[in-house]
Amino acid sequence: MTSRLPVQLSRTLLLIGVAFSLAILAGCKMPAPDSDPAASFSIPTAQPTSPVSIDLPPTPLGSSGPLPLPHNPNATNSLLPSALYLLRPDPNQITRSGACLRRCRTDQVTFSDTPVSQYDISSDGRLAVITAQSLIVYSADKTQTETWLNSSPGLPEQNPRAPRWAPGGGQLAYAAQGVWIGRSPNTVHLAVADPPGSRIRPFDWSPDGRWLLVTIDSQEQSKLAVLDPATGVIQTLVTADGIPACCQAAWAPQSQGLVVANPYPTTGIPELQTQNGVGGLWWAPVSANQAEIQVSALLPSFAADETYNFVGWPHFNPDTTIQYAFANFPLLPQQRFPLALYKASLATPDLRQMLRAESFLVDQILWSPNGELALLVLPMPGSVWKSGGPVILVPTGQDPATPLIEQGASLKWGP
């Protein structure tokens, strides 16, 4: 007969496990296979990268930029700059935390009969939720719902995916055998259909709402592209050698381009085996009338000494500096590897500043808008690769990391 631990004891053990993980992660290094030289976490020397011309604005967010996050009246008494939304594995619904003092209390905000798999939160507080075969939009006060799409059971290719609100919350984009965009269920229209043998889904709107970054997935690879919703034209992001760029990105504040990173281009980790293009960190200028967008290396996939550069979870600060997670290894890692947090200027990406002395195993990083802190979702101890785990707050100084939430996934800022 199997017994279950009381809930309070389970939570206590989990928090102890998180604290233990934080202690281990401080100064964490990546072990190498026994037959190879020890793989160390290191900061590579300056890379001989090609000059990159980047037209950055002299000022931070302009009038065409995204709406700022709503002011949190409890910010002076909170660890967080605004409310935090996330998926909780039990009961597989969306929760929201307001002011967080030592830890965050989360309140459930969706109550669907089926688990929530994906969601997005608009600047005015509306939720776009994927549950089972449906796309449901919750009102700002979460008291009313509106069905945007119900697909047919047994036809998963028709299921809605990846909802993304445009800046200001006026339009919603989602995937369902193509990308659909609209202001209501009655105005939604097909912006672009799935390419043959591939699926296309929204990734992130540009701050001015002019462009929609999308991911194009096939059995062979994943790649990023920029969609012009007004014309349906798609521009794939590629290197000078024609290799597609993937898989994470952050828009520049004035929407003139984005930085692209891929922390797991090719590894020896079975659950992360991909053919997702190049690693490193890249700049992609965006403008109309381009058949393709050629990216330029800020940090190439390989350092000058032929070691591997891994970069992930890039973020633009309002002053146009960037922050990201980074690791360098002489060999392809054979298990999950830790990354450290860095800050750099786009003009001199090699002269980067280490934000923390320790490194972390990461499932997700959510940066605060000003870059002063990061929320990290850690892998569940001993788990296979899956979404969700303990959430910790990591200041970008030397204040200690703080356990925040016992378990969560898909972290997003919101009102």
Side-chain angles (χ1 to χ4, degrees), residues 43-57 203-207 211-217 221-227 234-267 272 274-287 290-304 306-317 320-329 332 339-353 362 365 367 371:
I43 305 174
T45 55
Q47 312 298 329
T49 57
S50 302
V52 178
S53 177
I54 303 172
D55 184 18
L56 292 174
F203 185 91
D204 192 20
W205 288 87
S206 61
W211 312 97
L212 178 61
L213 185 67
V214 296
T215 299
I216 303 175
D217 297 318
Q221 65 182 5
S222 292
K223 56 187 177 182
L224 290 172
V226 173
L227 167 66
I234 291 180
Q235 305 170 71
T236 304
L237 276 57
V238 297
T239 67
D241 298 327
I243 301 174
C246 182
C247 295
Q248 301 171 352
W251 284 97
Q254 296 295 330
S255 307
Q256 72 274 34
L258 38 84
V259 288
V260 180
N262 178 12
Y264 307 116
T266 304
T267 72
L272 296 180
T274 63
Q275 298 180 20
N276 287 336
V278 294
L281 184 69
W282 303 77
W283 167 254
V286 177
S287 63
Q290 292 177 293
E292 292 181 331
I293 298 174
Q294 185 170 316
V295 299
S296 303
L298 300 171
L299 286 174
S301 301
F302 296 94
E306 298 185 353
T307 55
Y308 294 86
N309 286 332
F310 295 94
V311 184
W313 294 278
H315 168 76
F316 259 104
N317 295 317
T320 68
T321 57
I322 55 173
Q323 297 181 177
Y324 51 83
F326 172 83
N328 173 268
F329 292 101
L332 284 177
L339 300 103
L341 306 182
Y342 285 83
K343 180 178 181 178
S345 164
L346 283 178
T348 55
D350 298 326
L351 303 179
R352 56 191 174 273
Q353 171 191 357
V362 177
I365 297 177
W367 298 94

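Reckoned from all heavy atoms, side chains included, excluding hydrogens, waters and symmetry mates.
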Notebook entry, point to check: Is any side-chain heavy atom of P244 closer than 4.5 Å to a side-chain heavy atom of Q221?
Noted result: yes
Next item on the list: Could you tell me which non-hydrogen atom of S206 sits nearest to which non-hydrogen atom of S255, and how far apart they are?
Entry: CB-OG, 3.7 Å
Check: Atom NZ in K343, atom CG in L351: separation rounded to 0.5 Å?
Finding: 14.0 Å
Checklist line | Donor-acceptor contact present, side-chain N309 to main-chain P300, <3.5 Å | finding: yes
Notebook entry, point to check: If you measure from OG on S301 to CG on L281, what distance do you get to the nearest 0.5 Å?
Noted result: 10.5 Å
Next item on the list: Please work out which of the three classes, parallel, tilted or perpendicular, describes the rings of Y324 and Y342, given edges at 30° and 60°.
Entry: parallel
Item checked: Candidate pair L224 and T215, rule side-chain contact (heavy atoms from CB on, under 4.5 Å), full reasoning -> CA-CA 5 Å; L224 290 172; T215 299; 3.5 Å; yes
Notebook entry, point to check: Taking all non-hydrogen atoms of both residues, which atom of C246 and which atom of N262 are closest, and how far apart?
Noted result: O-CB, 2.8 Å
Checklist line | Test item: V259 and L346 side chains (from C-beta on) under 4.5 Å apart, heavy atoms | finding: yes
Margin query: Walk me through whether L298 and V311 qualify under side-chain contact (heavy atoms from CB on, under 4.5 Å).
Written below: CA-CA 11 Å; L298 300 171; V311 184; over 6 Å; no
Checklist line | Audit row: L237, L258, side-chain contact (heavy atoms from CB on, under 4.5 Å) steps and yes/no | finding: CA-CA 10 Å; L237 276 57; L258 38 84; 3.7 Å; yes
Checklist line | Shortest non-hydrogen separation from P285 to I293 and the atoms involved | finding: O-CG2, 3.0 Å
Checklist line | Minimum heavy-atom distance between P207 and P253, given as atom pair plus value | finding: CB-O, 3.5 Å
Check: Can you tell me if Q248 uses its side chain to pair, donor with acceptor, with the backbone of W313 under 3.5 Å?
Finding: yes
Next item on the list: Please confirm whether the backbone N or O of N317 pairs with a side-chain atom of W367, one donor and one acceptor, at under 3.5 Å?
Entry: no
Next item on the list: Supply the atom-to-atom distance T321 OG1 to R352 CZ, rounded to the nearest 0.5 angstrom.
Entry: 15.0 Å
Next item on the list: Step by step, work out the side-chain contact (heavy atoms from CB on, under 4.5 Å) result for L339 and I365.
Entry: CA-CA 11 Å; L339 300 103; I365 297 177; over 6 Å; no
Note to self: Using every non-hydrogen atom in the two residues, find where F316 and W251 come nearest and quote the distance to one decimal.
What the structure shows: CD1-O, 3.1 Å
Note to self: Please give me the minimum heavy-atom distance between Q323 and G371, naming the atom from each residue.
What the structure shows: NE2-O, 3.1 Å
Notebook entry, point to check: Does some side-chain heavy atom of F203 sit less than 4.5 Å from a side-chain heavy atom of V214?
Noted result: no
Note to self: Could you tell me if the side chain of W282 sits less than 4.5 Å from the side chain of T239, heavy atoms only?
What the structure shows: yes
Next item on the list: Would you give the length of the straight line joining atom OH of Y308 to atom CG of N328, rounded to the nearest 0.5 angstrom?
Entry: 11.0 Å
Note to self: According to side-chain hydrogen bond (donor to acceptor under 3.5 Å, both in side chains), who are the partners of S287, at least two apart in sequence or on a separate chain?
What the structure shows: Q290
Note to self: Centroid separation under 6.0 Å, is that true for the rings of F326 and F310?
What the structure shows: no
